[in-house]
Protein chains: 2
Amino acid sequence: MPAPDRTSLEEIIAAGRTVVESAGLDGLTMQAVADRVGVRAPSLYKRVRNRGALVALVAEATVRDLAARLDSAAPSDGDARRGLVGLARELRAFAHECPVAFGLVFAPGGGGVSQGVLAAASAPVLRVATALVGESDALPAARTITAWANGFVTMELAGAFRLGGDVDRAFEYGVERLAEALANSVNEH
Amino acid sequence: MPAPDRTSLEEIIAAGRTVVESAGLDGLTMQAVADRVGVRAPSLYKRVRNRGALVALVAEATVRDLAARLDSAAPSDGDARRGLVGLARELRAFAHECPVAFGLVFAPGGGGVSQGVLAAASAPVLRVATALVGESDALPAARTITAWANGFVTMELAGAFRLGGDVDRAFEYGVERLAEALANSVNEH
DNA sequence: ACCTGAACACCGTTCAAGT
DNA sequence: ACCTGAACACCGTTCAAGT
């Protein structure tokens, strides 16, 4: 006698994302997710290998959303420098919307986001970087941008910038400096 | 009848740092630390409030060490641009030596490093930033440097750069661009 | 005054038994 | 073929009792 499905993998992941934002990473328990989905904890193991896999799935879904957001934030035409600023602001806004899940992506051991999804999120950045510095330096340029943006937001969310000064201004200062440095680097060798 | 101390807070923190690097954050259990220190798990609560506090102490000790390393890596005299490159390389080398503890510092929720220690680690960066861009922009400049360096190393340790390309080159490219951007920003307004 | 064994709550995970 | 209750291992934490 078949038993009807009372939930789905997508529902579980969505529940995981909600739970993790409201209760933190430690609050992301199998029971909390099961409760939210209307099922008993052992049932989750029919769709997810274990808690670690669930955490990875939450991180992956978050990166997938980020990729879509970045993609629509950077039109392929238009000024490359403005494109860079737009991407950076979009990343920051996204991180503020789901700070816990965002912090999970590059967390020590917790990550495990698949190569493909990470590449998708990098694509818009790589596009802007190519427009700014050309093909040959596009990869290191994209990594410079990504590293700065991720680092800034991570530190901001961790409260590392609470010691005074205008954080918004520091962010704008950073993108501006970065955009200029990359744009100018083309004229050298 | 007094009972002789069989361990100390310093020993516990040192054990925590060793355990976390070899067993990961999940492996940093009260039992593992107690075993390494030669005591039973409940005894740890005489010196540490709970596991979260121990994690925070490990992070704090790590930042304290980093501060010392950065301080000796950046002589206050000499070329500011070379100083910046030296600081960045030192941070990266340090992170590679204790990747798990380093990743803990700005981890979501796990951090909790005290303001003073964080300020001490920032001081050398602030010094170089001041030399590069002057007093008025020193803080945002320092934050730009720190964000980039932290972000780069974090992504590197998380394996986000495994998709090809020369990571060392990307690092050197990043510092170079950053140093130039900051140095040149003085001539504008 | 610190250390210990015993105990409890909570969580991840497995599995036999239901439908 | 998924769902459940029961069960187990493991971990964090408390506490009364030792020395």
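This structure is a prediction, so every number in the text was calculated from the model and none was measured.
Between A/R47 and D/dC3 there is a side-chain N or O to OP1 or OP2 distance below 4.0 Å. Within the structure, every side-chain polar atom (N or O) of B/S43 is placed at least 4.0 Å from both OP1 and OP2 of C/dC2. Between D/dT4 and A/R6, a contact under 4.0 Å exists linking OP1 or OP2 to a side-chain N or O.
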Below 3.5 Å, can you tabulate the donor-acceptor pairs from side chains in residues 143-152 of chain A to any protein atom, sequence neighbours excluded?
residue	atom	partner	partner atom	Å
A/R143	NH1	B/G164	O	3.3
A/R143	NH2	B/F161	O	3.4
A/R143	NH2	B/G164	O	2.7
A/T144	OG1	A/P140	O	2.8
A/T146	OG1	A/A142	O	2.7

Hey, can you pull the donor-acceptor pairs under 3.5 Å for the side chains in residues 41-50 of chain B, sequence neighbours left out?
residue	atom	partner	partner atom	Å
B/R47	NH2	B/T7	O	3.3
B/N50	OD1	B/G52	N	3.2
B/N50	OD1	B/A53	N	3.0

Nucleotide-level pairing of DNA chain C, given in dot-bracket where Watson-Crick and G-U pairs need both distances under 3.5 Å and | marks other strands: ||.|||||...|||||.||
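Following chains of ILVMFWY side-chain contacts shorter than 4.5 Å, one can reach A/L178 starting from B/V85, so the two form part of one hydrophobic cluster.
Across the protein-nucleic acid pair, A/N50 atom CG and C/dT13 atom C1' stand 9 Å apart, rounded to whole Å. As a whole-Å value, the separation of A/L54 CG from C/dG12 P is 10 Å. Distance, B/D35 CG to C/dC3 P: 15 Å, rounded to whole Å. Here C/dC3 presents its C1' atom at 12 Å from CD1 of B/I12, a figure rounded to the nearest Å. Following rounding to the nearest Å, A/K46 (NZ) and C/dG18 (C1') show an atom-to-atom distance of 13 Å.
Nucleic acid contact class of B/S8 (heavy atoms, under 4.0 Å, all strands): none. Residue B/R49 is out of contact with every strand shown, counting any heavy-atom pair closer than 4.0 Å.
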Residues A/L84, A/L132; criterion side-chain contact (heavy atoms from CB on, under 4.5 Å); working and verdict: CA-CA 9 Å; A/L84 169 53; A/L132 271 173; 3.8 Å; yes
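For the atom pair A/R169 CZ and B/L139 CG, the distance stands at 8.0 Å (nearest 0.5 Å).
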Could you pull out the protein-nucleic contacts involving nucleotides 5-11 of chain D (nitrogen or oxygen on both sides, under 3.5 Å)?
residue	atom	partner	partner atom	Å
D/dG5	OP2	A/R40	NE	3.1

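Using modelled atom types, no side-chain atom of B/E135 and backbone atom of B/T130 make a donor-acceptor pair closer than 3.5 Å. Between the side chain of B/E180 and the backbone N or O of A/A181 there is no donor-acceptor pair closer than 3.5 Å.
In this view, A/T154 and A/F102, B/F106 satisfy the side-chain contact (heavy atoms from CB on, under 4.5 Å) rule, not counting sequence neighbours. Considering only residues two or more places apart in sequence or on other chains, A/E10 meets the salt bridge (charged side-chain N to carboxylate O under 4.0 Å, His left out) condition with none of them.
Of the candidate nucleotides D/dC3, C/dT4, D/dT13, D/dT13 has the atom lying nearest to any side-chain atom of B/A41. Distance from the side chain of A/Y45 is smallest to C/dT13 among D/dG12, C/dC2, C/dT13.
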